[in-house]
Amino acid sequence: CACSVDRRPEIASWLRGRQTLDKRAWRLQIEREPGEAIDNRAGIQQFLGGLLSVATGGIGLLWLWVDRDELTWHDRLAGTRVVVLPKSRD
């Protein structure tokens, strides 16, 4: 169960670099305003909203297909959005 797993490292990763390991691989980043990092409150809201989104059978995740701004429930709750970063030129 996702509720029994300690998610503090994931939240800390969001707050530090706005990305978890999987989001780095896909070049995704969470932000409030364009370029603005999320704060502790938004990180916790994002996590709790994510639990709600999954607990409803994924409806909160699928919501992005009908939302005019393409946001999930947890993005709406936390005032965040996921953006795709440009490819690096390494």
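Just so you know, these numbers use all the heavy atoms, side chains as well, and skip hydrogens, waters and symmetry mates.
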Hydrophobic cluster membership, Ile59 vs Trp65, 4.5 Å side-chain cutoff
no
Leu52-Val54 co-clustered via ILVMFWY side chain contacts under 4.5 Å
no
Flag yes if Leu51 and Ile44 sit in one hydrophobic cluster, no otherwise; membership is Ile, Leu, Val, Met, Phe, Trp, Tyr, and two members link when side-chain heavy atoms are under 4.5 Å apart.
yes
To the nearest 0.5 Å, what is the distance between OG1 (Thr80) and CD (Glu36)?
11.5 Å
Mind checking whether Val82 and Ile38 sit in one hydrophobic cluster, side chains of I, L, V, M, F, W, Y counted as touching below 4.5 Å?
yes
Indicate yes or no: at least one non-hydrogen side-chain atom of Arg81 is less than 4.5 angstrom from one of Leu71.
yes
Rounded distance [0.5 Å steps], NE2 in His74 versus CG in Leu48:
11.5 Å
With a 4.0 Å cut-off, would you call Arg76 and Asp67 a salt bridge?
yes
For Trp73, which of Leu64, Leu61, Leu62, Thr56 qualifies under side chain to side chain contact (heavy atoms under 4.5 Å, CB included)?
Thr56
Restricting to non-hydrogen atoms, name the atom on Ala42 and the atom on Arg32 that form the minimum distance, rounded to 0.1 Å.
CB-NH1, 2.9 Å
